[in-house]
There are 2 protein chains.
Amino acid sequence: MTKIEAKSLVDAATERLEAAIIGGELSPGDRVREQVLAEEYGISRGPLREAIRRLEGRRLLERTANIGVRVVELSTRRLAELLDVREALEGMACRLATERISPNELAKLRAMLDDHATHEEVRSGEGYYQQSGDFDFHFRIVKASQNDYLISMVSGDLYDLLRLYRYKSSTMTGRAAQALAEHHAILDALESGDPDKAEAAMRTHIRNARIHAQLAMDKVEQEAKAG
Amino acid sequence: MTKIEAKSLVDAATERLEAAIIGGELSPGDRVREQVLAEEYGISRGPLREAIRRLEGRRLLERTANIGVRVVELSTRRLAELLDVREALEGMACRLATERISPNELAKLRAMLDDHATHEEVRSGEGYYQQSGDFDFHFRIVKASQNDYLISMVSGDLYDLLRLYRYKSSTMTGRAAQALAEHHAILDALESGDPDKAEAAMRTHIRNARIHAQLAMDKVEQEAKAG
DNA sequence: CCGCCTTCTACTGTTTACAATTAACAATTT
DNA sequence: AAATTGTTAATTGTAAACAGTAGAAGGCGG
């Protein structure tokens, strides 16, 4: 019953509920009961319902009339759909960033990748760095596109959904080294100033990640079937 | 005070409010007062607030804490942002559709374009057909992508926002003939089965529409300044 | 006459209580 | 014994009352 106290109860509840979903506290398919959650958050059902509606709009929750609210269900198909959209959106972001990113920001990105290279997890191919480092790299490029709509779509809605999958199967094992190389390729393209090349590099990277992610999910599914 | 009576008051209110915004009943920048609107729809503030929160998530409305809700403001910059996203998303949709569209659906699209060609408005370059015909053509291709996430993003959120602009400046005058030609080019690419070509054709089309739309908006703005 | 402070109004934010719908369980009938 | 129907408990849907905040209007002092 940890209380919430912030600007708006709806905002606070939204953030907290979102965090609970992304953090795995609430699993995909779980039922969300208004009364229970409202009491847990120390608020009444009104604001909580409004928070739910927001997340509903962002496709993290699904409501069936008179039945209830559930955390969105996961499937390989949905993941494939998300990654196609991600390829399109981040490809465009990278294209736009090519002409808008500052030399300063470019230097920072370069430093970031250099730093990643020193991490043991990357060289050994374990890929823990994906959790923070990868998201950070992508996020900064999206921000450099300076397209607010794009930024909010990708980093708000899309990444949230993707994070759900990351929790289910820690997808990125064994790909860290290759991913880092691809990041360098993206950065090179950005520095070259060629938008076509930049978009292509980003899309190749995401497409590779996609192949890997889906293999991992298929594997998880098969194991579930077998076990 | 036309009453609403349907599955859920929230759903009904959402649809009606959305229609009011898109239909121009509520203009961009207009304030939305909860009490007033609730009475107009014959419901109480609770459901209405939830409906507002949904549209907030879809970026049709903006809420400032303790101040109120406004219909989202329009600007050339925002339009440019939307069209960049549209290019990315519909380009991807067209790519996916290339490999998934049925011969039957292709034939229907072809028939549709043939029908458009007979319309006088198109040949004379007035372009009324844009309102329904253009949206229909694009919508069907997006649907043919069979990517539900993509479909809901484009036809749900994105088109709604774009429709706002269409109301402000009837953008597409004088471009109907060219647009139709571009539609044919897209269809040809789809039939060829080459995803790269199909994506490129769609993106070219949207980029051209974008140039035209922005010229129109700049013109409107300059007239506003002058008048 | 101008500017600042106070008060008041109107709106949004939140809670509580009530109504309606659903799903589960039990009892009765075939 | 199985199926169907009635009843009940739980949960969502809705409304209305209450609280808090921002902006406007008016009065007071400079």
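Keep in mind it's a predicted model, so treat the numbers as computed, not measured. All heavy atoms count here, side chains included; hydrogens, waters and symmetry mates do not.
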Within this structure, what is the [atom1]-to-[atom2] distance between [X] and [N], rounded to whole angstrom?
X	N	atom1	atom2	value
B/L48	C/dT14	CG	P	16 Å
A/R53	D/dT12	CZ	C1'	10 Å
A/E50	C/dT12	CD	P	12 Å
A/L9	C/dG13	CG	C1'	8 Å
B/I52	C/dC11	CD1	C1'	12 Å
A/E56	D/dT12	CD	P	13 Å
B/L37	C/dT12	CG	P	10 Å
B/Q35	D/dA15	CD	C1'	12 Å

Which of these nucleotides, [options], is closest to any side-chain atom of [X]?
X	options	result
A/R63	D/dT14, C/dT12, D/dT12	D/dT12
B/I67	D/dT12, D/dG23, C/dT12	D/dG23
A/N66	C/dT15, D/dT14, D/dG13	D/dG13
A/R31	D/dT11, C/dC11, C/dT15	D/dT11

task = Would you mind classifying the nucleic acid contact of B/V36 as base, sugar-phosphate or nothing, using non-hydrogen atoms under 4.0 angstrom?
result = nothing
task = Looking at every strand, decide which applies to B/G46 at a 4.0 Å heavy-atom threshold: base, sugar-phosphate, or nothing.
result = nothing
request  = Using the test salt bridge (charged side-chain N to carboxylate O under 4.0 Å, His left out), find all partners of A/R78 that sit at least two apart in sequence or belong to another chain.
outcome  = none
Contacts table for residues 100-108 of chain A: side-chain donor-acceptor under 3.5 angstrom, sequence neighbours left out:
unit_1 : atom_1 : unit_2 : atom_2 : d
A/R100 : NH1    : A/S145 : O      : 2.7
A/S102 : OG     : A/E105 : N      : 3.0
A/E105 : OE2    : A/R140 : NE     : 3.1

Sidechain N-carboxylate O distance under 4.0 Å for [X], [Y]:
X	Y	answer
B/E81	B/R59	no
B/R45	B/E39	no
A/R163	A/D134	no

ask   = Counting just side-chain N and O atoms, does B/R49 come under 4.0 Å of either OP1 or OP2 of C/dG13?
value = yes
ask   = Is A/R33 near enough to D/dT12 that one of its side-chain N or O atoms lies under 4.0 angstrom from OP1 or OP2?
value = no
query = Considering only heavy atoms and no angle criterion, is a donor-acceptor pair shorter than 3.5 Å present between the side chain of B/R45 and the base of C/dG13?
reply = yes
